[in-house]
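Just below is one structure, and these are the notes that go with it.
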Amino acid sequence: MLRIISVTVVAWIAASCQNSSPSKTEWVQSYPGDAFEIADSQCRMAALAQQRGLYARGTPDFVADARLRNAVRTEKSYNHCMDSSGWTRTP
């Protein structure tokens, strides 16, 4: 029972990482560059291009871990792209 709950929690975290859409209020422009909407759309495309094809086979824990790592990789790629576009996430 504990394993099912832990897999469910990890899958929920992974889904929330991928489906979270940042708003302009979460970002501050640190130096002149593209408008938020332009930088956001370009960085979303770049982050999606960084996703690896996800085919995980094995125990439920292994599959959930693979999904979580893919979501974290995508989020990091998006954040790095926004930083390089002149936008910094507010704390």
Side-chain angles (χ1 to χ4, degrees):
M1 182 67 174
L2 182 61
R3 177 171 280 173
I4 293 172
I5 292 171
S6 66
V7 169
T8 304
V9 169
V10 169
W12 178 80
I13 290 171
S16 67
C17 287
Q18 286 183 330
N19 294 333
S20 63
S21 59
S23 66
K24 188 175 179 178
T25 57
E26 295 177 8
W27 296 90
V28 176
Q29 195 164 18
S30 56
Y31 60 85
D34 292 332
F36 175 79
E37 291 78 15
I38 294 171
D40 179 54
S41 62
Q42 289 175 343
C43 291
R44 282 186 185 278
M45 287 189 298
L48 288 175
Q50 292 296 320
Q51 279 188 349
R52 297 180 183 162
L54 182 65
Y55 177 77
R57 187 173 169 186
T59 65
D61 290 339
F62 178 78
V63 173
D65 183 54
R67 285 182 176 225
L68 182 60
R69 281 186 276 131
N70 198 33
V72 169
R73 184 182 313 109
T74 303
E75 183 70 19
K76 283 184 178 181
S77 176
Y78 175 81
N79 289 340
H80 290 309
C81 178
M82 288 296 284
D83 286 340
S84 67
S85 297
W87 290 90
T88 306
R89 188 181 283 273
T90 57

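Between E37 and R44 no salt bridge is recorded (no basic side-chain N to carboxylate O distance below 4.0 Å).
Qualifying side chain to side chain donor-acceptor pair (under 3.5 Å) partners for T88, counting only residues two or more places apart in sequence or in other chains: S30.
Residue F36 holds its CZ atom at 10.5 Å from OG of S85, rounded to the nearest 0.5 Å.
With no hydrogens or angles considered, a side-chain donor-acceptor pair links R73 and N70 at under 3.5 Å.
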Self-check item: Steps toward side chain to side chain contact (heavy atoms under 4.5 Å, CB included) verdict (M45, Y78)
Solution: CA-CA 9 Å; M45 287 189 298; Y78 175 81; over 6 Å; no

Quiz item: Step by step, would you call V63 with R57 a side chain to side chain contact (heavy atoms under 4.5 Å, CB included)?
Solution: CA-CA 6 Å; V63 173; R57 187 173 169 186; 6.0 Å; no

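In this structure, M82 and C43 approach most closely via the heavy-atom pair N-SG, 3.4 Å.
At least one donor-acceptor pair under 3.5 Å links the side chain of W87 to the backbone N or O of D34.
Partner of W27 under the side chain to side chain contact (heavy atoms under 4.5 Å, CB included) criterion, out of D40, T90, D83: D83 alone.
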